Trainee: 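My questions will all concern the structure given below.
It should be emphasised that the depicted structure is a prediction, and the values quoted were computed from it without experimental measurement. Throughout, a chain's letter reflects where its sequence line sits, starting with A, and its residues are numbered from 1.
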2 protein chains.
Amino acid sequence: MTHFGPTIRDIRERLRRDDRSYSVRQVARRVGIEPAYLSKIERSEVAPPSEATTVRLAQELGEDPDVMLALAGKVSADLQAIIRKRPRLFADLIRQLKEVPDEAVLRVVREVRDGKW
Amino acid sequence: MTHFGPTIRDIRERLRRDDRSYSVRQVARRVGIEPAYLSKIERSEVAPPSEATTVRLAQELGEDPDVMLALAGKVSADLQAIIRKRPRLFADLIRQLKEVPDEAVLRVVREVRDGKW
DNA sequence: AAAAATGTGTCCTATATATGACACATGACT
DNA sequence: AGTCATGTGTCATATATAGGACACATTTTT
C-alpha cells in the first residue's frame, strides 16, 4: 500500500547512522531471513513478508508491530481472532468508529480501561 | 475452524425443507460456483472459499456475512481497511475489549451512534 | 419406464505467498 | 594491497489459495 519497503529502508538507514550493525546483512541475520530477501523487500521487489517476519523486523527496528503490519497491508492475527469470536459486535463497533475522530475513540478506550462498564 | 462446511450444509438443508430450490446444484448456480465445489466445501473437503464467495453464499442463505466470514476464519476486508488506517488506535481498543462483556461493548456502540462524542 | 435432477469422485490448473541459495561487483577497513 | 563486508541480480522452490470440468451412480419426478 503505502510503500512498506522504502519505509523499512528509511528506518534502517536512520538507525545505521548511529550504529554500524544496521546493515541489510546484519539486520537480516538477526531477523532470521536472507539478506537478498530483505534487500528485495526494501526495494519493493517482492511483497511485504509474512506477519511473523514483519513483526520480528518491526521489533528489530524498534517500531510498533501493528503499525508495520498495517503498512504491509495486514491486520495482526490476534486482533482478527478477537473479532472472529464476536463478529457482529465488533463489526458494528468498528464500522461505527470509522469516521469518529481519534480523540473520541481514545475517550472510549479510556472509559473501558477505567472500568466504567 | 468451527466447521464452516457442516454449518453451511445444515442451513441449506433447513431451508430446503420449505423450498426445493435449495439443492447443492441450484444454490451453487445462484452463488456462481460449481456444484462439485460447493459439495466439497460443505463436507470440508476443501478449505472455506474466498471472502467474496463466502459473502455471496451467506446472502443466498440469509445469514450474516460477518458471522459466516468468522466461521471461515476470516475478517472482512473492509473492517481490516478501517483498522489499518489507524492501527494503534484500533489495536488498543480491540485488545481492551477482548474480555469485556457484550452488553458493555453494546453500550459503547450505542453511545457512539447517538453522537455522544 | 423414461427423463430429469441430485450429490460427489477424480483430475486438473492458475495464481499467490513466502522464502532460500549463490554469485558477483563495489566499497570500506587494516 | 589485500581482506572483509556490503547490496543486489538471478534462479529456484515449496506450499497455499481458489477454484473449474466432466463423468457417474443414485434418487426423484413425470
Trainee: Rounding to an integer number of Å, can you tell me how far B:E13 CD sits from C:dT6 C1'?
Mentor: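 It works out to 12 Å between those atoms.
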Trainee: Please list, in 5' to 3' order, the outermost nucleotides of DNA chain D lying under 4.0 Å from any heavy atom of chain A.
Mentor: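 Contact span on the strand: D:dT6 to D:dC11.
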Trainee: Between the main-chain N or O of B:S39 and the side-chain N or O of B:R43, is there a donor-acceptor pair closer than 3.5 Å?
Mentor: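 The answer is yes, because a donor-acceptor pair under 3.5 Å joins these two groups.
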Trainee: On the nucleotide C:dA5, are OP1 or OP2 found under 4.0 Å from the side-chain N or O atoms that B:Q26 carries?
Mentor: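 No.
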Trainee: Can a donor-acceptor pair be found, under 3.5 Å and without considering hydrogens, that links the side chain of A:R86 to the backbone of B:K98?
Mentor: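 Present.
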Trainee: Strictly distance-based, threshold 3.5 Å: is any side-chain N or O of B:Q80 a donor or acceptor partner for the main-chain N or O of B:V75?
Mentor: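 Yes, the answer is positive, given that a donor and an acceptor are paired below the 3.5 Å cut-off.
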Trainee: Indicate the atoms forming the closest heavy-atom contact of A:R20 with A:Q26, along with that distance.
Mentor: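 Heavy-atom minimum between the residues: O-NE2, 4.2 Å.
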Trainee: How close or far is atom P of C:dG9 from atom CD of B:E42, stated in whole angstroms?
Mentor: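 Result: 13 Å.
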Trainee: Taking CZ from A:R25 and C1' from C:dT26, how many angstroms apart are they, rounded to a whole number?
Mentor: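 Result: 12 Å.
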Trainee: Distance from B:I33 atom CD1 to B:I41 atom CD1, nearest 0.5 Å?
Mentor: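 Result: 4.5 Å between the selected atoms.
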Trainee: Contacts to DNA chain C from residues 28-39 of chain B, heavy-atom cutoff under 4.0 Å, which residues?
Mentor: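 When residues 28-39 of chain B is checked for heavy atoms under 4.0 Å from DNA chain C, the hits, listed by number, are B:P35, B:A36, B:S39.
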Trainee: Applying side-chain contact (heavy atoms from CB on, under 4.5 Å) between A:E63 and each of A:L57, A:T54, A:I11, report the one that passes.
Mentor: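 Output: one option passes, namely A:I11.
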Trainee: Please answer whether the main-chain N or O of B:V31 pairs with a side-chain N or O of B:R56 as donor and acceptor at a distance below 3.5 Å.
Mentor: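 The answer is yes, because a donor-acceptor pair under 3.5 Å joins these two groups.
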Trainee: Nearest-Å distance, CD1 (A:I41) to C1' (C:dG20)?
Mentor: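 In whole Å, C:dG20 C1' and A:I41 CD1 are 12 Å from each other.
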Trainee: Categorize A:R9 for me: base, sugar-phosphate, or nothing, with a 4.0 angstrom heavy-atom threshold over every strand shown.
Mentor: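 A:R9: backbone/sugar contact only, no base atoms under 4.0 Å.
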Trainee: Nearest-Å distance, CZ (A:R20) to C1' (C:dT30)?
Mentor: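 Taking atom C1' of C:dT30 as the reference, CZ of A:R20 is at 16 Å.
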Trainee: Cation-pi check for B:Y22 against B:R17: NZ or CZ below 6.0 Å from the six-membered ring centre and within 45 degrees of the axis, yes or no?
Mentor: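 No, cation not above the ring by the 6.0 Å, 45° rule.
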Trainee: Indicate whether OP1 or OP2 belonging to C:dT19 is found under 4.0 Å from a side-chain N or O atom of A:S50.
Mentor: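 Yes.
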Trainee: Nearest whole Å is fine: how far is C:dA18 C1' from A:R56 CZ?
Mentor: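 One finds 12 Å between C1' of C:dA18 and CZ of A:R56, rounded.
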Trainee: Starting at the 5' end of DNA chain C and moving along, which residue's nearest nucleotide shows up first, B:V24 or B:K40?
Mentor: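 Mapping each residue to its closest nucleotide by heavy atoms, the 5'-most match is B:V24.
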Trainee: Okay, side chain of A:E51, backbone of A:A77: is any donor-acceptor separation there less than 3.5 Å?
Mentor: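 Checking the backbone N and O of A:A77 against the side chain of A:E51, a donor-acceptor pair under 3.5 Å is found.
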Trainee: Taking any heavy-atom pair under 4.0 Å as a contact, classify B:V46: base, sugar-phosphate, or nothing.
Mentor: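 Nothing, no heavy atom under 4.0 Å.
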Trainee: Measuring from the side chain of B:S23 (C-beta onward, heavy atoms only), which nucleotide among C:dG7, C:dA18, C:dG9 has the closest atom?
Mentor: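 Closest of the options to the side chain of B:S23: C:dG7.
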